[in-house]
Every structure is written in C-alpha cells, then in structure tokens.
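These numbers come from a predicted model, not from an experiment. Along the sequence shown, residues are numbered consecutively beginning with 1.
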Amino acid sequence: MERLETLRKHLVDRNEDVCDIGVKNHFCAAKNSDIPEVLYELLDDGIALLTLNRPSRLNAVTNSMQELYYDLLEQADADDKVKVIVVIG
C-alpha cells in the first residue's frame, strides 16, 4: 500500500511541473517532434512508469509510438531493478 501511495504522490507532483512548451507536464501537446510519444521513467522501489504522450490526439497510437512502446517494455523487462511496469496517459 505504501508503494501505491508513493506512486500516487509522484504522479500528482509530476502534474505540478511545467514542461518545455509551457503546459502541465504529461499533458504537453506534442507540437515539437523532439518530445517523445512515450515517456519512460524509473522510479524508486522498482517502478517503471510509461506515459503515453500524445494528448493532442487523445493518445491514439501511431506505428512509431507502438514501436517505441514495445522497445521501452523490453528495456524495462531487461532491467533487474524493475519490479512493476505502470502505463498511464
């Protein structure tokens, strides 16, 4: 239960941050192609957080987004520090 609370707090704190283009963090409109369509973050306690990051299109999945998503899943699977993968977005 403590881990879930830590993750919830992280997600709430994350929404308070402002990204490069001036809107709330994982609600950034991907106007800039340098912003990845899927974000990967390794949190404390072995939590890998994958964030679908295409809100301007309601996170509709593209071919490149799907490739990146599966690559990141494989990366998380290969990392011994990762105990759980959480997908949001």
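Checked by atom type and distance alone, the side chain of Arg54 pairs as donor or acceptor with a backbone atom of Ala60 at under 3.5 Å. In this structure, Asn53 contributes its side chain and Val38 its backbone to no donor-acceptor pair below 3.5 Å.
Scanning all heavy atoms of the two residues, the minimum distance from Asp79 to Leu42 falls at OD2-CD2, 3.8 Å. When every heavy atom of Ala76 is checked against every heavy atom of Val82, the shortest pair comes out as O-CB, 3.5 Å.
Distance check: Thr62 OG1 to Arg57 CZ gives 11.5 Å after rounding to the nearest 0.5 Å.
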Quick one: side chains of residues 65-75, donor-acceptor pairs under 3.5 Å with protein atoms, not counting sequence neighbours, listed by atom name and distance.
none

